Each structure stands twice: as structure tokens, then as C-alpha cells.
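Here's the structure we're looking at; comments come further down.
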Amino acid sequence: MSQKLWGGRFSGGVDARIDAFTSALSFDRRLVSHDLEGSMAHARMLLEQEVLTGSDGQAILAGLASLLADIEAGVLQVEGPDEDVHSWIERNLTDRIGEPALRLHTARSRNDQTATALRLYVRTSLVDLARRTGLLLELWLDLAAEHRETWLPGYTHLQRGQPVSLAHHLLAHFWSFEADARRLRTLHDGGFRSPLGAGALAGSPYPIAPKRSAELLGFVDSYPNSMLAVSDRDYVAEAIFVSSLAMVHLSRFATEVILWTTPEFGFATLDDSIAKGSSLMPQKKNPEAAEILRGKTGRVIGDLAGLLSVLQGLPLTYNSDLQEDKEGLFDALDTAAASLECAAAIAGGLNFCPDRMAAALVGGFLTATDLADYLVAKGVAFRSAHHLAGQAVRSAEEKGGELWELELAELQEVSSQIEADVFEILRPESSAGRKRHRGGPAPESVGDQLEEAAGALGELGDWLDGIEASPIRRAYDEGRLAGDAL
Ligand code: ARG
């Protein structure tokens with residue numbers, strides 16, 4: 001049985017089954033470096049406030065630094081009988097520095113400690129996800145730039161609607177992914193307050209400085225309320241939500257990969273490197289990665305539902321239910337990270353088939369709307385023009401041909417305002433080119449869009465380049481953790 005942090009009032013040991021069931025170490029050990037960082041900030045604040053003596057404070061900071069160095073060098077593993085990573089750290093710190101280690105928990109509880117470590121972990125993960133999203137966006141932009149004049153049908157209701165360029169289609173996904181990166185940034189920059197100082201729930205009687213702890217950790221602020229500080233998991237919910245929405249966006253791309261690589265669509269083929277075979281049917285080349293990507297989306301949405309279910313109805317303040325915030329969060333963040341990489345691999349291994357896309361422009365009367373717009377330009381009200389163009393579609397359908405295969409006289413039966421210049425309008429390849437406004441599919445609009453997209457990508461890159469470690473982490477990196485000024 002392990003040595004507990006709280007054994008004083010207990011005379012008997014804990015049932016091994018209870019110990020095993022309630023232990024968090026197997027999953028919360030991934031918080032170790034973040035918890036050490038949080039502990040350094042706490043110790044530093046206590047030292048500055050003279051709650052700890054100079055020699056105790058120095059000893060604690062040096063001990064925490066030596067643990068972090070060994071963890072990061074891979075020479076120390078987080079394992080043992082401890083009930084969670086926080087207990088593990090206290091035991092190991094005590095082994096290293098003795099008595100002063102027992103003073104680190106002054107003005108702190110595992111309740112504000114775990115909440116601090118988890119925030120630091122989430123904050124780092126958001127940057128990692130944003131970086132991966134940036135790599136995907138870069139690849140995507142290059143792909144789109146190659147296909148400004150590759151035409152294919154744009155769909156509504158999965159029925160062919162109007163011609164667009166492949167660049168325009170790809171950029172629609174680009175902007176969804178870009179919005180994901182933006183959400184990650186917003187959450188990273190604004191979503192984190194420091195719970196340190198909240199103690200178990202009601203703060204502490206020492207002259208602590210919660211805002212200083214927040215500053216040392218690079219958090220936007222401390223909490224205005226200690227009870228909220230230990231029970232708030234909004235940032236966990238937000239991180240899983242942002243991950244879920246990113247997964248939803250990836251899954252929409254995945255479905256298109258699955259559809260487009262069917263022989264029925266044939267808009268793309270899969271490079272061997274991203275396809276999988278069948279154990280029975282020798283001819284198969286399956287888009288398994290895209291299917292699994294789509295499947296994992298359900299799982300991450302499940303993580304969100306799981307966390308919200310844990311949180312709903314919890315009374316203030318800390319309850320052990322909150323320990324269940326972690327595994328779903330880790331799963332969501334890990335899955336989103338892996339999925340972003342997988343999506344980049346899939347995008348890189350898709351071979352588009354412009355001929356098949358062009359062939360799909362025929363047979364669906366994709367320029368019927370262009371005909372209506374042509375009549376509007378001649379002064380016909382749109383609703384009437386819509387009706388007349390519909391009649392032209394019916395004539396072409398009855399004849400078994402395309403709109404542009406109708407005789408001018410046949411078109412003039414629909415409307416006497418139709419002239420020979422209509423045939424240019426009826427060509428699917430010309431359609432997108434007339435939609436030249438911002439957000440439109442004309443090659444010049446798409447050119448502007450590509451520029452705008454490159455700008456957004458540059459902004460994301462600047463933001464990523466500007467990410468700094470927290471002041472306490474920088475002080476550790478530079479070996480001035482216990483120095484005068486931080
Ligand atoms: N391992 C716990 C968690 O992850 C932290 C400890 C909370 N405090 C307590 N008295 N059990 O939430």
C-alpha cells in the first residue's frame with residue numbers, strides 16, 4: 001500500500017480495489033512537466049511573499065528543477081504506487097530534498113494544483129493543434145492554387161448544381177480549417193485563468209499573491225472567486241469542443257474523399273500510399289484512412305458529451321468526479337492531432353481526375369441558372385426567368401440533349417429575348433467566370449481568395465512564431481529560477 005498525502009486521520013489502509021479504482025497516475029502522469037511548472041510558480045510566489053524562507057524556497061525550486069530536468073531527459077519515469085501525479089511529485093521531491101519539500105504544499109491543495117497543471121497542458125496542446133492545422137492549411141493552399149481552372153460541379157443536396165473550380169471547392173474547406181486554427185488561438189490567448197491560491201476551495205490565510213502566480217505562468221489573470229477556480233472546467237469543455245468541430249470539418253473532407261474515389265464519381269484516385277486493400281476481394285482499393293478519420297469524429301464528439309455529462313449537476317466545488325475530466329480530454333486532443341496529420345497525408349495522396357470532373361459538367365443542366373441570369377440581364381424578372389429557363393431544361397430533356405444543343409429557334413420559343421450570344425452563356429466552363437465578386441468562383445476572385453488565404457496563413461504563422469514559454473518556464477530554461485528578478 002502506498003504512503004498517502006493525507007494519512008493523519010486514518011488508522012486503517014485503503015482496500016487495494018479502491019486504490020486501483022481511484023488512481024489517476026496511469027493517465028495523469030502526462031501532466032508531470034506541467035505540474036512541475038505550476039509548482040515552480042507556486043514556490044516562487046511563496047518565496048517572493050516570504051511565506052517560505054529563502055533557504056526552503058531555494059531548496060524547493062532547485063528540487064523541482066532537478067525533477068523536471070530528469071523527466072525531460074528521460075532518466076526518470078513517473079511510476080509507482082502514488083494515487084496521482086501530484087502525489088508522485090511530492091514523494092519524489094521529498095526523496096530528493098527532504099524536509100523543505102513538505103512545505104511546498106503551503107497555501108495549496110491538489111484541487112488548485114491539478115486545475116493549474118491541466119490548464120498548462122491544454123494550453124500547450126492548443127498550440128500543437130494550431131501548428132498541425134497550419135501545416136494542413138499550407139498544403140491545402142498549394143493544392144488549391146494548382147486548380148483554378150479545373151472545373152467540376154458544385155453540389156447541393158448531393159445533386160449537381162452549378163460549375164465551380166476545384167480551387168474554389170478546396171478553399172471552402174480551407175476556410176473551415178482556418179476557422180479551427182482561429183478558435184484554437186482565441187482559446188489559447190484568452191481562455192486561461194490561474195486557479196493557484198484557491199487552495200481546496202476557500203483560499204489561504206497567508207499573504208499569497210494569486211495574480212503573481214498567474215503572471216509567472218503566463219495566464220491572463222487569476223480567478224475572482226476561489227470556489228469557481230477549483231471547480232471550473234470550462235476550458236476543458238472548450239478545448240474538446242474546438243477539437244470536435246475540427247474533427248467535424250475533417251470528416252466532411254473525408255466523406256468527399258470516400259465519394260470522389262468511387263468509380264461512380266471518379267473525381268480522384270488514391271495513391272497506393274494512402275489506400276488499403278481487402279483481405280478477400282483482390283481488386284479493392286479502399287479509402288480506409290478517410291473512413292477511420294470520419295469514424296474518429298464520432299469518438300471525439302463522444303468525449304465532449306462525456307465531459308459535459310460529468311460536469312452537469314456537480315455541486316460546488318471540487319468533486320472527485322472532476323478527475324474524469326482528463327482521459328476524454330486527452331483522447332480528444334490526441335485524436336484531433338493524429339487526424340490532422342492523417343488528413344494532410346490523404347490530401348497529399350489524392351490524384352484528381354479533371355477529365356472526370358469535366359465529364360460531370362455534362363448531363364445535369366448545370367447552366368440553367370446562367371440562362372435565367374441571362375434573361376434577367378435582358379430585363380426579365382428573376383422569378384419569371386427561372387420559370388423560362390426551367391422550360392428550356394424541359395425542352396432539352398425531351399430532346400435528349402444539352403441546353404447548348406438546342407437550336408436558337410427552340411430557345412426563342414421559350415423567350416424571344418434569347419439571342420445567339422446565349423450559347424457562350426450555356427457552356428459550363430464559362431459559368432464560374434461571370435461570378436467575379438468577393439467569395440465568387442471566377443478565376444480572378446479565386447485569385448483574390450488565394451491571396452486572402454495566404455494572408456490568413458501568414459498571420460497564423462506569425463502567431464505561432466510569437467508563442468513564448470511562460471515566465472517561470474523561461475526562468476527555468478535559463479537557470480535563473482531562484483534569482484532576484486523574474
Ligand atoms: N487527481 C485528482 C484530479 O485529477 C486531483 C486531486 C484532487 N483532490 C483530492 N482531494 N482528491 O482531479
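Just so it is clear, the model here is predicted, and its values are computed rather than measured. Position 1 is the first residue of the sequence, and the numbers go up from there.
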Worked check of salt bridge (charged side-chain N to carboxylate O under 4.0 Å, His left out) between R29 and D84: CA-CA 7 Å; R29 63 178 174 206; D84 55 26; over 6 Å; no

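- Among residues two or more places apart in sequence or in another chain, the ring-ring contact (aromatic ring centres under 6.0 Å, His included) test is passed with F174 by none.
- By the side chain to side chain donor-acceptor pair (under 3.5 Å) test, R299 is found to be paired with D331, residues two or more places apart in sequence or in another chain being considered.
- With sequence neighbours excluded, the residues that form a salt bridge (charged side-chain N to carboxylate O under 4.0 Å, His left out) with R132 are D128, E341.
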Candidate pair L143 and F352, rule side-chain contact (heavy atoms from CB on, under 4.5 Å), full reasoning: CA-CA 10 Å; L143 217 53; F352 294 114; 4.1 Å; yes

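- A salt bridge links R473 to D477: one of the charged nitrogens lies within less than 4.0 Å of a carboxylate oxygen.
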Salt bridge (charged side-chain N to carboxylate O under 4.0 Å, His left out) assessment of D180 paired with R183: CA-CA 5 Å; D180 294 329; R183 265 181 284 272; 3.3 Å; yes

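- Checking side-chain atoms of R131 against main-chain N and O of V127 turns up no donor-acceptor pair under 3.5 Å.
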E83/R110 under salt bridge (charged side-chain N to carboxylate O under 4.0 Å, His left out): CA gap, chis, key distance, verdict: CA-CA 12 Å; E83 54 186 31; R110 273 184 298 164; 2.9 Å; yes

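- Every residue was checked against the salt bridge (charged side-chain N to carboxylate O under 4.0 Å, His left out) condition with D35, not counting sequence neighbours, and none meets it.
- Considering every non-hydrogen atom in both G134 and L460, the closest pair reads CA-CD2, 3.6 Å.
- In this view, D95 satisfies the salt bridge (charged side-chain N to carboxylate O under 4.0 Å, His left out) rule with no residue, not counting sequence neighbours.
- Residues forming a side chain to side chain donor-acceptor pair (under 3.5 Å) with H147 (at least two apart in sequence, or on another chain): T150.
- Under a cut-off of 6.0 angstrom, the local environment of CD in E50 is sparse, with at most 12 non-hydrogen atoms contributed by other residues, nucleotides or ligands.
- The shortest distance between side-chain heavy atoms of V230 and T114 does not fall below 4.5 Å.
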H42 and Q113: CA distance, side-chain angles, deciding distance, side-chain hydrogen bond (donor to acceptor under 3.5 Å, both in side chains) verdict: CA-CA 9 Å; H42 181 63; Q113 181 180 357; over 6 Å; no

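- Classified by interplanar angle (parallel below 30°, tilted 30° to 60°, perpendicular above 60°), the ring pair H169/W260 is tilted.
- Applying the side-chain contact (heavy atoms from CB on, under 4.5 Å) test between L217 and each of R212, M45, E37 identifies E37 as the sole match.
- Across every non-hydrogen atom of A181 and T133, the tightest pair is CB-CG2, 4.0 Å.
- Of all the heavy atoms in A290 and I258, the pair that sits closest is CB-CG1, 3.8 Å.
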Trace of the side-chain contact (heavy atoms from CB on, under 4.5 Å) decision for L329 with L307: CA-CA 8 Å; L329 169 72; L307 189 261; over 6 Å; no

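- Here the side chain of N319 pairs no donor or acceptor atom with the backbone of D321 at under 3.5 angstrom.
- Put simply, the side chain of K211 never gets that close to the backbone of D221: no donor and acceptor are under 3.5 Å apart.
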Intermediate values then yes/no, side-chain hydrogen bond (donor to acceptor under 3.5 Å, both in side chains), W88 and E79: CA-CA 8 Å; W88 181 92; E79 53 203 9; over 6 Å; no

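- In this structure, S33 and E72 approach most closely via the heavy-atom pair CB-OE2, 4.0 Å.
- By the 4.5 Å heavy-atom criterion applied to side chains, R233 and V310 are not counted as neighbours.
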Trace of the side-chain contact (heavy atoms from CB on, under 4.5 Å) decision for I240 with V236: CA-CA 6 Å; I240 307 182; V236 178; 4.1 Å; yes

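- Atoms CG and OG1, on L250 and T335 in that order, are 11.5 Å from each other to the nearest 0.5 Å.
- S445 places no side-chain N or O within 3.5 Å of a backbone atom of P441 that could act as its donor or acceptor partner.
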Only distances under 3.5 Å count here; give the side-chain donor-acceptor pairs of residues 190-204 to other protein atoms, sequence neighbours excluded, each with its distance to 0.1 Å.
{"unit_1": "S194", "atom_1": "OG", "unit_2": "L196", "atom_2": "N", "d": "3.3"}
{"unit_1": "S204", "atom_1": "OG", "unit_2": "Y206", "atom_2": "N", "d": "3.3"}

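- Without hydrogens or angle criteria, D271 side chain to I274 main chain gives no donor-acceptor distance under 3.5 Å.
- Y155 is linked by a ring-ring contact (aromatic ring centres under 6.0 Å, His included) to F265, counting only residues two or more places apart in sequence or in another chain.
- At distances below 3.5 Å, not a single donor-acceptor pair connects side-chain atoms of H86 with backbone N or O atoms of N111.
- For R30, the CZ atom is densely surrounded, since the number of other residues' heavy atoms within 6.0 Å is greater than 12.
- With rounding to the nearest 0.5 Å, the separation of CG in L64 from CG in N92 is 11.0 Å.
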Check against salt bridge (charged side-chain N to carboxylate O under 4.0 Å, His left out), R474 and E478: CA-CA 6 Å; R474 269 182 282 147; E478 293 160 16; 5.9 Å; no

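- Q283 meets the side chain to side chain donor-acceptor pair (under 3.5 Å) test with no other residue; sequence neighbours excluded.
- A side-chain hydrogen bond (donor to acceptor under 3.5 Å, both in side chains) check over residues 450-459, counting only residues at least two apart or in different chains, returns the pairs R438-E452.
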Verdict with supporting geometry, S320 and T22, side-chain contact (heavy atoms from CB on, under 4.5 Å): CA-CA 9 Å; S320 286; T22 56; over 6 Å; no

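- Classification of K326 and D28 as a salt-bridged pair fails, no side-chain N sitting under 4.0 Å from a carboxylate O.
- With sequence neighbours left out, F10 forms a ring-ring contact (aromatic ring centres under 6.0 Å, His included) with W6.
- Partners of D70 according to the salt bridge (charged side-chain N to carboxylate O under 4.0 Å, His left out) rule, which considers only residues two or more places apart in sequence or in another chain, are R96.
- Side chain of T255 to main chain of R252: no donor-acceptor pair is present (N/O by atom type, distance under 3.5 Å, no hydrogens or angles).
- Between the side chain of T261 and the backbone N or O of A268, no donor-acceptor pair lies under 3.5 Å.
- Here the closest non-hydrogen pair linking G218 and S470 is N-CB, 4.1 Å.
- H188 and W463 make their closest contact through ND1-CZ2, 3.5 Å (heavy atoms, listed as atom of the first residue, atom of the second, distance).
- The backbone N or O of D232 sits nowhere less than 3.5 Å from a side-chain atom of Y223 that would complete a donor-acceptor pair.
- Q49 places a side-chain N or O within donor-acceptor distance of the main-chain N or O of P207, the cut-off being under 3.5 Å.
- R182 forms no cation-pi arrangement with F177, by the criterion of a distance under 6.0 Å to the ring centre and an angle within 45° of the ring axis.
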